[in-house]
Structure formats: C-alpha cells, structure tokens
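Just below is one structure, and these are the notes that go with it.
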Amino acid sequence: MVTSPIAQSITRRAALAGAAGVALAGCANNPSGGSAPANGDSKVPRRNPASEPVTTINTAHGLATMWPDEPIEIEVTNGTLAGVVVTDAAGEPVPGSVQEGQWRPDRGALLVRSSYQVTATATDAAGRSHQTTADISTVNPELVVEVDFRYADGAPVGNGMPIWVRFDMPIREDQRAAIEKAASVTTNPPQQGGWGWVDETTLQWRPRTYWEPGSTAHVEVNAAGLPGGDTWVLADASADYHYGDLRVLQANIDTHTLTCLRNGEVVQILPVSMGKPGYETMTGTKIIMEKQNPVIMDSESYGVPHSDPEGYRITAYWAQRVTWSGEYFHAAPWADYAHGNSNVSHGCTGLTNGNAEWLYNFTLVGDPAEFTGSTFPVQAHQTFGGWTYSWEEWQQLSALA
C-alpha cells in the first residue's frame with residue numbers, strides 16, 4: 001500500500017503527540033459499595049486499586065491527530081466496558097456505536113479540525129462503575145475538500161439541468177462510493193433518477209427523463225469527515241433546485257428547422273441554417289450552457305487565421321452556447337438567405353435577428369436541445385453531457401453500480 005505524503009506526515013506527528021493513548025484506572029462511582037461510616041470506623045471497606053478496571057483510549061493515529069473516519073480503540077483490563085460517550089466542544093453527544101472494543105462514529109459524525117471528549121465507563125467484578133475520560137483532536141490538514149453546487153442559486157433552470165455537485169479537489173475512485181452513499185436527493189413530484197460521476201470532481205444526479213414541469217429538488221451531501229483525495233471533506237452541504245416549464249428545442253439539420261416546444265406543445269417552428277460540409281453540426285442532446293449578448297466569435301480560437309477563406313471574426317447577438325467547442329444558437333443576418341433552406345455555417349445554428357431574440361427570451365440555461373440529421377454525435381465532455389447517455393449507460397456511472 002502506498003501511503004500519501006499527508007498520511008505519512010500525520011502518522012509521524014501521531015507518534016509524537018499521544019499515540020500511546022490514555023491508560024487510567026477509572027474513578028469509581030460509590031467505590032465502597034455503600035455509605036461511608038462516620039467517626040473513622042475501622043471497619044470501612046478499603047479500595048483495592050489492583051482490582052479496579054484500567055481503561056486505555058487510543059486511535060490508530062493518536063489522540064492529537066485522529067482521522068475523522070476511524071474508530072476509537074477502548075481496551076479494558078480488570079473489568080468490562082459498559083458504555084462510551086463522545087461529546088463535541090459544545091458538549092453535544094456525537095452519534096456512534098460500540099462494537100468489539102471500539103467506538104465507531106456514524107458516517108460524517110466527526111469533522112476535521114475539531115476537538116472531542118471521550119468518556120468510557122467500565123464495571124469491575126463487583127458491578128461498580130468507573131469512568132475514564134480523554135480529550136481527542138482530529139487532524140488539521142493544510143488542504144481540505146470543499147463541496148458546492150452549480151446552478152443552485154435560487155433562479156429557475158431548464159429541465160435538462162442535472163443536480164450538479166462539485167468538489168474543489170479530485171476524488172479518487174476508491175473514495176467515491178462512500179461519498180455517493182452520503183448524498184441524497186428529494187424531488188417534488190417524485191421522479192426516478194440516479195447519480196453519475198462525470199469526472200473526478202463532478203457528481204451529478206439526473207432523472208430518467210427530463211424534469212417534470214414545476215419540479216423542485218433538494219440535495220444533501222453529508223460527507224463531512226470522509227476521505228477525499230489525500231485529505232478529507234470539510235463540511236456537509238445542501239442546495240435546492242427549481243425547474244419551470246419543460247422547454248425542448250428540436251433542431252433538424254436536414255429540414256433546416258428548429259421546433260420549439262413547451263410542456264409538449266409546439267410553440268414555434270423557426271427556419272435555421274446549420275453547419276456546412278466539413279463543419280457539420282453535431283447530433284445528439286445538448287444543453288443550453290450559457291447566454292451571451294453579444295459574443296465575439298473568432299476562428300483563430302481554434303487555429304484558423306482570419307486570412308484563411310474559412311477565417312472570421314464576428315460579433316454575434318442573442319447567442320446561446322450548447323457546446324464547449326463553440327456551437328451556439330445566434331443571430332446570423334448575413335445568412336438570412338439560407339435560413340430554412342441550406343446549411344452554410346461553421347457549426348452554429350443561425351437565425352434571423354428577430355427569431356434569435358425570440359429564442360433567447362424563450363429559453364433558460366439548462367433547456368435541452370435535441371439535434372438530428374448528421375453523422376457526428378456530440379460527446380459528453382462537449383456539453384452538459386448527462387443526456388448524451390442512455391438511462392442504462394448513465395446508471396453505470398454510479399460508483400455503486
């Protein structure tokens with residue numbers, strides 16, 4: 001097993017900072033077994049320290065640099081472990097359970113950069129209780145993993161937008177299942193859906209089909225204290241998503257049309273022009289990723305100089321991005337002659353000024369746009385790609401699959 005530099009550093013510190021734990025004879029409750037006689041009666045029962053329980057409290061990485069997901073080891077000699085209570089700095093009990101001489105925290109119960117107190121109760125042969133306490137501190141790593149959400153700022157989003165959990169450091173494959181188990185989604189109305197790891201920093205939840213009109217979703221990632229990369233997740237996180245009408249755009253490359261639907265009803269059919277031979281528009285389901293009015297489009301951004309016959313630098317209005325590689329819906333008045341009858345663009349979907357403005361105001365970021373008619377499928381990494389997968393393929397992106 002390869003130990004990370006952080007783990008090695010923490011292990012060395014543990015050896016210097018209390019790795020031996022605490023071993024104490026506990027303080028007995030009512031050690032004589034009854035009330036003490038007055039007047040110095042010589043028949044007062046005397047305690048025998050040798051018969052009292054000795055309780056040792058420790059963790060694998062010491063009491064000063066405990067890892068937040070590891071158990072607390074509790075060993076009792078001359079007695080029986082009867083119970084363990086762990087409290088935080090505010091004195092509140094921390095959820096966990098005692099199993100086979102260990103106190104095991106519930107998932108996410110212990111946090112990094114935190115202090116706790118352990119109280120272990122042991123009973124002696126006479127049934128008397130003895131308590132031992134120890135202070136513990138979890139690791140204080142230089143870096144931690146923080147969790148946030150994209151497109152969950154309270155504004156409605158389009159009904160193709162997934163729930164989008166983002167980690168600010170890469171999560172290793174062997175850590176993803178535990179984090180995914182700590183994540184939950186509650187939808188209204190209820191909808192079938194599932195988690196998928198899009199990349200090493202992105203976990204998304206999408207429904208089996210587009211979000212129903214008016215849906216809301218509450219997401220929680222209760223992963224505080226779980227390992228992430230070479231460190232740990234700092235804190236739990238939650239967010240709410242709001243969806244409006246179900247708007248779907250259906251772009252047909254062969255018929256040069258864009259059909260605009262709201263909640264299953266056709267609202268408009270717009271004439272468009274898409275990618276010409278050699279610059280074909282990609283097929284598949286893309287998502288409106290951002291809106292820009294205007295945006296500068298420059299062929300030199302992908303290596304074609306302005307002096308080339310295919311070079312250009314234009315200002316495009318009412319632009320809506322659908323791929324990272326530069327496909328947009330936008331106004332293209334220079335190609336009004338082609339809208340509805342031929343494909344003349346470098347891959348974008350061009351419209352008249354009026355139609356582009358109408359479309360810009362009709363849609364939301366997150367609306368799905370379904371393209372048909374070419375032999376070049378869009379890849380997941382080129383758009384918000386949850387809908388480039390079938391439902392069966394999406395389920396395989398779960399770390400629990």
Side-chain angles (χ1 to χ4, degrees), residues 107-108 111 144-171 175-176 178-226 228-229 233-248 263 285-292 320-324 360-369 380-389 394-395 397-400:
R107 182 184 297 120
L111 308 179
V144 292
V145 177
E146 296 196 52
V147 183
D148 65 6
F149 303 88
R150 297 199 66 189
Y151 303 102
D153 58 3
V157 292
N159 293 39
M161 181 69 74
I163 290 172
W164 192 315
V165 184
R166 183 170 56 184
F167 304 91
D168 69 348
M169 295 176 65
I171 305 299
Q175 299 166 336
R176 295 175 190 174
I179 290 176
E180 191 175 326
K181 288 178 182 178
S184 63
V185 174
T186 303
T187 69
N188 185 24
Q191 290 159 79
Q192 182 183 9
W195 290 108
W197 288 88
V198 177
D199 56 43
E200 60 187 2
T201 62
T202 307
L203 176 63
Q204 294 181 348
W205 192 98
R206 54 152 275 198
R208 183 167 186 169
T209 58
Y210 301 139
W211 291 95
E212 295 182 26
S215 293
T216 60
H218 178 74
V219 55
E220 295 185 1
V221 181
N222 297 319
L226 291 180
V233 178
L234 176 63
D236 295 340
S238 63
D240 293 284
Y241 285 78
H242 302 272
Y243 301 88
D245 289 337
L246 173 57
R247 288 169 297 275
V248 179
N263 300 330
T285 300
K286 308 164 192 175
I287 296 295
I288 293 179
M289 305 163 73
E290 61 178 338
K291 296 188 173 200
Q292 299 168 279
Q320 303 185 71
R321 180 190 290 272
V322 292
T323 72
W324 293 118
Y360 191 96
N361 293 321
F362 174 70
T363 60
L364 291 175
V365 170
D367 282 341
H381 67 273
Q382 294 174 306
T383 184
F384 295 170
W387 302 101
T388 63
Y389 300 97
W394 178 258
Q395 291 176 295
L397 298 183
S398 166
L400 305 176

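Keep in mind the model is a prediction, meaning the values are calculated, not measured.
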- Item | Residues forming a ring-ring contact (aromatic ring centres under 6.0 Å, His included) with Phe362, sequence neighbours excluded | Trp358
- Message: Using the ring-ring contact (aromatic ring centres under 6.0 Å, His included) criterion, which residues pair with Phe149? Sequence neighbours excluded.
- Response: none
- Determine, stepwise, if the pair Tyr241 / Trp164 fulfils ring pair (Phe, Tyr, Trp, His ring centres under 6.0 Å). CA-CA 10 Å; Tyr241 285 78; Trp164 192 315; 9.4 Å; no
- Message: Trp195 vs Arg176, test: side chain to side chain contact (heavy atoms under 4.5 Å, CB included). Steps then yes/no.
- Response: CA-CA 11 Å; Trp195 290 108; Arg176 295 175 190 174; over 6 Å; no
- Would Val248 and Asp367 satisfy side chain to side chain contact (heavy atoms under 4.5 Å, CB included), going step by step from the backbone distance to the final call? CA-CA 6 Å; Val248 179; Asp367 282 341; over 6 Å; no
Grab the two heavy atoms, one from [X] and one from [Y], that are nearest each other, plus how far apart they are.
X	Y	result
Gly193	Trp205	CA-CZ2, 3.3 Å
Ile171	Gly228	CD1-CA, 3.9 Å
Val365	Ile288	CG1-O, 3.4 Å

- Message: Surrounding NZ of Lys181 (heavy atoms of other residues, nucleotides or ligands, distance under 6.0 Å), is the total greater than 12?
- Response: no
- Task: Classify the angle between the aromatic ring planes of Tyr151 and Phe384 as parallel (below 30°), tilted (30 to 60°) or perpendicular (above 60°).
- Result: tilted
Does a side-chain heavy-atom distance below 4.5 Å link [X] with [Y]?
X	Y	result
Leu203	Val198	no
Trp197	Ile179	yes
Leu364	Tyr243	no
Pro368	Trp387	no

Can you name the residues that form a side chain to side chain donor-acceptor pair (under 3.5 Å) with [X], not counting sequence neighbours?
X	answer
Asp236	none
Ser398	Glu180
Gln320	Thr363

- Taking it one step at a time, do Gln382 and Lys286 satisfy side chain to side chain contact (heavy atoms under 4.5 Å, CB included)? CA-CA 9 Å; Gln382 294 174 306; Lys286 308 164 192 175; over 6 Å; no
Side-chain donor/acceptor pairs under 3.5 Å, residues 152-162, sequence neighbours excluded:
from, atom 1, to, atom 2, distance (Å)
Asp153, OD1, Ala155, N, 3.1
Asn159, ND2, Trp211, O, 2.9
Asn159, ND2, Glu212, O, 3.4
Asn159, ND2, Gly244, O, 3.3

- Message: With side chain to side chain contact (heavy atoms under 4.5 Å, CB included) as the criterion, how do Val147 and Val165 come out once you've worked through the C-alpha distance, each side chain's angles and the decisive distance to 0.1 Å?
- Response: CA-CA 7 Å; Val147 183; Val165 184; 3.6 Å; yes
